[in-house]
Structure formats: C-alpha cells, structure tokens
**Q** 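Structure in structure tokens, see below.
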Amino acid sequence: MNSDDENNIAEWRAERLRQRVADFQARRPILLRDAGQLNDEVAEWGSRLFDNTARMLVITGDTGTAKTWNVWEVLERAIKVGYAGEIMFLTSAEWQDIIGPPRDLERLRKMRTVNVLVVDDLGSFRINDWQRDLLGPVIDERWNNGLPTAITSNMDDFDAALGERLTSRLGDGAIVAMLEGADLRAGR
Ligand SMILES: Nc1ncnc2c1ncn2[C@@H]1O[C@H](COP(=O)(O)OP(=O)(O)O)[C@@H](O)[C@H]1O
Ligand SMILES: [Mg+2]
C-alpha cells in the first residue's frame, strides 16, 4: 500500500466519523444539547464501551436532574472518539410503542441484540404485567450476553414496579448513578 492509499483510507475514515457524529447530533433533542459536566459513573460506563466491559447502567434521580442528558452526552462523546457500535436510544414513548399491544416483534428483537440499548424513563408510570413480560426477556438476554444497556428512571422502588427478577437482573454488576440536585428545567 502506498502513501496515497493510506491517505485515502485515513480521509475516508475521518469522513465516516464526521458523518456518524453529525447523524447522532441530529437525533439528540435540542433541549438536551447544552454543554455540561458528565456524571463520573456515567463517564466510567462510557469508557467501558471501548473494551466491551460496559454492562448495565442505571441512572436514577428526580425529574430534571439531567438523567437523559447524561446518556446523550456520554454516547456522543464515545462516538466522537470512535465508538462504532449501533445505538438504539428509546424514549419512553418509543419503547411503549414497541411493547404495544400490539408488540413490534422486529424492534423487540433489535432491543435484545443491538450493541447499545437505552431505555429512557423506565417507570415514568407503573409497569403492567404485559410490559414486564416483554421487557423482562430483553433485559435477560442482554444481561446474559453482557451487552451494554442504559436505563434511566425516577423510581424509588424498582422492586415494586418491575418485580424482583427484573430488578435483580438490572442491578447485577450495574453501574449506578444517582443524580441529585435541583430541577434543571425549573431555571429555564
Ligand atoms: N449538565 C447540564 N447543565 C445544564 N443544564 C442541563 C445539564 N444537563 C441537563 N440540563 C438541562 O436540564 C433539563 C433536564 O435534563 P434532563 O436530562 O431532561 O433531566 P431528567 O432526564 O433527569 O428529567 C434539560 O432541559 C437539560 O437541557
Ligand atoms: Mg429524562
């Protein structure tokens, strides 16, 4: 390979990275694009994406403590430094859509296998049996395969909302970030 080829490959890689960052930034909600300080635990999970040791990330905290912001931020930073895995970022409306009824089998399958799954705002309302029966196997399979999964929630009591089995899967080996502070939305 001569140096022209090498330059071409480097350029192509750089262009692909620029495109990936731009695509991700375009998906990021406008109100969650502010610069800010990433939580340490969240950052730790993000760095583990690179050696395949990132597993569950559970971010808890009251409304407006930047849970969702932290997930977008950590993933954007990871992409910028070359993380190439596929990311499925599901808002609460989106994962409720998938779970249905009727359930969306194709996207449920993707939830089980995609490189990184984000389930935002789990427990923004009470999880019913139907939802638990569909979310359970997703969490189970990702847990079995050691796939990175980020959950945000303002629940105090995961057990009551999700059941013991699912809660223990979520908690096992998880990095937990408990965000605190005033509602950041209130200042707008
Ligand atoms: N680090 C930060 N610095 C300043 N504002 C922030 C920061 N993180 C989030 N915000 C703003 O605070 C608001 C709430 O953040 P969000 O992530 O939606 O909270 P949560 O998911 O915990 O309810 C958003 O409008 C967001 O833009
Ligand atoms: Mg949120």
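All values derive from a computational prediction rather than experimental measurement. All heavy atoms count here, side chains included; hydrogens, waters and symmetry mates do not.
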**Q** Go through V119 and V138 one step at a time and tell me if the side chain to side chain contact (heavy atoms under 4.5 Å, CB included) criterion holds.
**A** CA-CA 11 Å; V119 179; V138 169; over 6 Å; no
**Q** So how far is it from I79 CD1 to F24 CZ, rounded to the nearest 0.5 Å?
**A** 4.5 Å
**Q** With heavy-atom distances below 4.5 Å as the criterion, would you say the side chains of V42 and E73 are in contact?
**A** no
**Q** Measuring from atom CD1 of I151 to atom CE of M56, what distance do you get when rounded to the nearest 0.5 angstrom?
**A** 6.5 Å
**Q** Answer yes or no: is there a side-chain heavy-atom contact under 4.5 Å between L117 and L147?
**A** no
**Q** Say whether D120 and T152, considering side chains only, have a donor N or O and an acceptor N or O under 3.5 Å apart.
**A** yes
**Q** Keeping K67 on the side-chain end and G61 on the backbone end, is there a donor-acceptor pair under 3.5 Å?
**A** yes
**Q** Looking only at heavy atoms, which two atoms of V58 and A174 are closest? And how far apart?
**A** CG2-CB, 4.2 Å
**Q** Compute whether any side-chain donor of one residue and acceptor of the other, for E11 and N7, lie under 3.5 angstrom apart.
**A** no
**Q** Any side-chain heavy atom of L90 within less than 4.5 Å of one from M111?
**A** yes
**Q** Please report the shortest heavy-atom distance between F50 and G82, naming the atom on each side.
**A** CE2-C, 4.1 Å
**Q** Compare all side-chain heavy atoms of R48 with those of D51 and state whether any distance is below 4.5 angstrom.
**A** yes
**Q** In Å, rounded to the nearest 0.5 Å, how long is the span from OG1 of T149 to CG of L57?
**A** 9.5 Å
**Q** About how many Å separate OG1 of T63 and CG of D183, when rounded to the nearest 0.5 Å?
**A** 6.5 Å
**Q** Side chain of R169, backbone of N144: donor and acceptor closer than 3.5 Å?
**A** no
**Q** State, to 0.1 Å, how close A78 and L49 come at their nearest heavy-atom pair, and which atoms those are.
**A** CB-CD1, 4.1 Å
**Q** In this structure, are over 12 heavy atoms from other groups packed under 6.0 Å from R13 atom CZ?
**A** no
**Q** Starting from the C-alpha separation in whole Å, work towards a yes-or-no answer on side chain to side chain contact (heavy atoms under 4.5 Å, CB included) for L162 and L122.
**A** CA-CA 9 Å; L162 299 178; L122 187 63; 3.9 Å; yes
**Q** Which value, rounded to the nearest 0.5 Å, describes the distance between D140 atom CG and L166 atom CG?
**A** 8.0 Å
**Q** So W72 and F89, would you call those rings parallel, tilted or perpendicular, with 30° and 60° as cut-offs?
**A** parallel
**Q** Mind listing the closest non-hydrogen atom pair of T60 and M178 along with its distance?
**A** OG1-CG, 3.3 Å
**Q** I'd like to know if the side chain of R55 reaches the main chain of G146, judged simply by a donor and an acceptor atom lying under 3.5 Å from each other, with no hydrogens or angles considered.
**A** yes
**Q** Would you sort out whether E15 and R18 count as a salt bridge (charged side-chain N to carboxylate O under 4.0 Å, His left out), showing the intermediate values?
**A** CA-CA 5 Å; E15 179 48 35; R18 267 196 297 276; 2.9 Å; yes
**Q** Do S168 and E164 meet the criterion of a side-chain donor-acceptor pair at a distance under 3.5 Å?
**A** no
**Q** Could you tell me if the side chain of R28 sits less than 4.5 Å from the side chain of L75, heavy atoms only?
**A** no
**Q** Determine whether D104 and D97 satisfy the following criterion, side chain to side chain contact (heavy atoms under 4.5 Å, CB included), listing intermediate values before the conclusion.
**A** CA-CA 8 Å; D104 179 338; D97 253 8; over 6 Å; no
**Q** Look only at the side chain of W69 and the backbone of D34, and say whether a donor-acceptor pair between them is shorter than 3.5 Å.
**A** yes
**Q** I'd like to know if the side chain of R20 reaches the main chain of Y83, judged simply by a donor and an acceptor atom lying under 3.5 Å from each other, with no hydrogens or angles considered.
**A** yes
**Q** Indicate yes or no: at least one non-hydrogen side-chain atom of K80 is less than 4.5 angstrom from one of Q25.
**A** yes
**Q** Do L38 and N70 come close enough that some side-chain heavy atom pair is under 4.5 Å?
**A** yes
**Q** What closest approach, in Å, do M155 and S153 show between heavy atoms, and which atom pair accounts for it?
**A** N-OG, 3.0 Å
**Q** Return yes when atom CD of E6 has more than 12 non-hydrogen atoms of other residues, nucleotides or ligands closer than 6.0 Å, and no otherwise.
**A** yes
**Q** Hey, does V176 have a side-chain heavy atom less than 4.5 Å from the side chain of E41?
**A** no
**Q** Taking atom CZ of R27 and atom CG of L32, what is their separation to the nearest 0.5 Å?
**A** 13.5 Å
**Q** Is the backbone of E86 close enough, under 3.5 Å, to the side chain of N115 for a donor and an acceptor to pair up by distance?
**A** yes
**Q** Please, which pairs that meet ring pair (Phe, Tyr, Trp, His ring centres under 6.0 Å) have at least one residue in residues 128-153, sequence neighbours excluded?
**A** none
